[in-house]
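See below for the structure under consideration.
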Amino acid sequence: MTLNTDMQVNRIDDYLWEIPPSEKAGMLVPARIYASPAILGAMDRGVFDQVTNVACLPGIHRYALCMPDGHWGYGFPIGGVAAFDPEDGVISPGGVGYDINCGMRLIRTDLTLAEVRPKLELLMTELFRRVPAGVGSRGFVNLNRREFRDVMRKGASWCIANGYGWAEDLDRIEERGCLDGADPTHVTDYAIERGINQLGTLGSGNHYLEVQVLSDKGIFDRETAAAMGLTGRDQVVVMVHCGSRGFGHQVASDYLKVFEKAMRRYGISVKDQQLACAPFRSPEGQEYFGAMNCAANTAFANRQVITHQIREAFAAVFDSTPHALGMHLIYDVAHNIAKVERYQDGQWLVHRKGATRAFGPGSPELPACYRHIGQPVICGGSMETGSYLLVGTDRAMHDTFGSTMHGSGRTMSRAQAKRTVRGEQLLRDMKQHGILVKAVSMSGLAEEAGLAYKNISDVVETVDHAGITKKVAELKPIGNIKG
Amino acid sequence: MSGTFRFLDDIAMADMAFEAEGDSLSALFDAATEALLHSLADPATVTPTWRRTLDLSEPDIETLLFEWLGRLVYLKDADGVVFHRAALTLAQEPDGSAWHLHADVTGAPVDPARQELRSDVKGVTKHLYAVTQDGHRWTARVVLDV
């Protein structure tokens, strides 16, 4: 098998590969990549270079990991997971990603495709109107600075207290939608000014709001699906992919500068400037952690406000109420985050960048309704192909710090995608295939064409065979909103 | 002669990258600014109704270009605008200790009905970031996170 690296890559099994520390000076632990042979062979050189760079960071524990949807990223690869000793290890903004707490949310309904299809145009128009997307979009929630700081501290619970959601929603959000330790005093004015008007907005790039259908044959594990309120029969659900918008990016940018100086102070050298880091217990490390938690909580709040708008849109179009339509939240999970988490072998600062928490059955962090099945894991595919719902496993708790894949991963650059397909044509083609798209930007739409992404089914099969998450259901798109 | 820019395909698969060139530092800054403006929206479709003047100072030219492009991204979100034009003036301290940039920026609040909007750039990154000089020719490589 030919790989895009000169390093030695050893086969652990059909879905797990290891690069030993001898392959790069400074590696403190092995690097491990979850991939089928075909996926490994197609991975770009950046994955191998970057996951081994991560293995050199001070205080790293056991392995530097990359998931099968991995590809080149800033510093860490997308799909990267790494755990650090909270006492002696580092925290790195490059290990969280610029879009702090970018994540996925899935909402169920009692509606069927037969009920939604005749009103789909109306529904998508209403969703497009209520959930702003694209360049410079602003939300309908007007906040002053004091209120925005409350959002930073309280996350999704601020939304519930202000009428944007149901109390039960909080049980079904990672960390109940609020990370401890959020400290707005460590957030710059620039970040606040970028974020204060963006609550309830999708953004652009690969972010989306998608109306999907779960058919009977799309269910792989009927019992687990039923525990999440999913019964198939062409059931309609709604998926949201977005994060902390410009606010989180500004926090990351601000602290990359702080960390470049801090590394000199603490005598840390890294293989790539975008791996800038600081000891977690240092003042700089704690200040970034406080600011990062503010951005993470704001992202939880962003998805919560969007959920409120989705419920209102469905209620208006179907002349009903969100409760009567059964619009319960299934789950909300981050895939760009750093958190202190407890495992059998201790407490670790786990960085996930384009990787999803996937806690197994029995985890005390899970709500009672999911403790027997494991944590729902939501993985978004391209807008043309579909998405997956999975659950976390015991194996993930032992092998990957409770982590798994997050999506399909790109295989084509944005520029190449735009040269290959035109947005207007893609819009027409998708409509012919039964997918109604509302997009702010035609060039942005072309960049997100299905041909620019890996086949998500291949990625899902890898994590399923590897045992770090188990397939529950496949969800097919019928309507999509893009920025 | 003014600067030029081109978008790069192969160095940032999930994001955007461009290379800007100019036969002077001023031309380089103009070209890099144009590249960012074109990434956000077609400037020709933005009728200017909004205006800001900015002054930035940094110890070196690499940092000044990085901070300037980052400031445009900040203004895009903070003021909810896309841009029509940025007129720039560069100057160096006589003792070489700092570079100064004066910018007169025009644009308009985001309006999808009137403007051709493109990518919502979230930030300027240090990944492969470089400003280089070859004789009179200046080149900058910039990766934008979208």
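From a predicted model like this one, the values you see are computed outputs, not experimental measurements. So you know, we letter chains A, B, ... as the sequences are listed, proteins then strands, and number each from 1.
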Fill in: Residues in ring pair (Phe, Tyr, Trp, His ring centres under 6.0 Å) contact with A/F48, at least two apart in sequence or another chain
none

Compile a table of inter-chain donor-acceptor pairs under 3.5 Å between chain A and chain B, counting both main-chain and side-chain atoms.
{"residue": "A/W72", "atom": "NE1", "partner": "B/H127", "partner atom": "NE2", "Å": "3.1"}
{"residue": "A/Y74", "atom": "OH", "partner": "B/D15", "partner atom": "OD2", "Å": "2.8"}
{"residue": "A/R138", "atom": "NH2", "partner": "B/A78", "partner atom": "O", "Å": "2.9"}
{"residue": "A/R138", "atom": "NH2", "partner": "B/D79", "partner atom": "O", "Å": "3.4"}
{"residue": "A/Y190", "atom": "OH", "partner": "B/R71", "partner atom": "NH2", "Å": "3.1"}
{"residue": "A/E193", "atom": "OE1", "partner": "B/Y74", "partner atom": "OH", "Å": "2.2"}
{"residue": "A/R194", "atom": "NE", "partner": "B/D77", "partner atom": "OD2", "Å": "2.9"}
{"residue": "A/R194", "atom": "NH1", "partner": "B/K122", "partner atom": "O", "Å": "3.3"}
{"residue": "A/R194", "atom": "NH2", "partner": "B/D77", "partner atom": "OD2", "Å": "2.9"}
{"residue": "A/R194", "atom": "NH2", "partner": "B/K122", "partner atom": "O", "Å": "2.8"}
{"residue": "A/Q198", "atom": "NE2", "partner": "B/D77", "partner atom": "OD1", "Å": "3.1"}
{"residue": "A/S204", "atom": "OG", "partner": "B/D120", "partner atom": "N", "Å": "2.9"}
{"residue": "A/R245", "atom": "NH1", "partner": "B/D120", "partner atom": "OD2", "Å": "3.2"}
{"residue": "A/H249", "atom": "ND1", "partner": "B/K122", "partner atom": "O", "Å": "3.3"}
{"residue": "A/H249", "atom": "NE2", "partner": "B/D145", "partner atom": "OD2", "Å": "3.2"}
{"residue": "A/K257", "atom": "NZ", "partner": "B/E67", "partner atom": "OE1", "Å": "3.2"}
{"residue": "A/K257", "atom": "NZ", "partner": "B/E67", "partner atom": "OE2", "Å": "3.1"}
{"residue": "A/E260", "atom": "OE2", "partner": "B/K126", "partner atom": "NZ", "Å": "3.3"}
{"residue": "A/R410", "atom": "NE", "partner": "B/M13", "partner atom": "O", "Å": "3.3"}
{"residue": "A/S413", "atom": "OG", "partner": "B/D9", "partner atom": "O", "Å": "3.4"}
{"residue": "A/R414", "atom": "NE", "partner": "B/A14", "partner atom": "O", "Å": "2.6"}
{"residue": "A/R414", "atom": "NH2", "partner": "B/A14", "partner atom": "O", "Å": "3.2"}
{"residue": "A/R419", "atom": "NH1", "partner": "B/D9", "partner atom": "OD1", "Å": "3.4"}
{"residue": "A/R419", "atom": "NH1", "partner": "B/D9", "partner atom": "OD2", "Å": "2.9"}
{"residue": "A/R419", "atom": "NH2", "partner": "B/D9", "partner atom": "OD2", "Å": "2.3"}
{"residue": "A/S441", "atom": "OG", "partner": "B/L117", "partner atom": "O", "Å": "3.0"}

Practice prompt. Specify which of B/A78, B/A17, B/A41 makes the most heavy-atom pairs with chain A at under 4.5 Å.
Written response: B/A78

Item to complete: Identify the two heavy atoms, one from A/V440 and one from B/L117, that lie closest to each other, and give their separation to 0.1 Å.
Response: CG1-CD1, 3.7 Å

Worksheet item: Side chain, backbone, both or neither: which part of B/V146 has a non-hydrogen atom closer than 4.5 Å to chain A?
Response: both

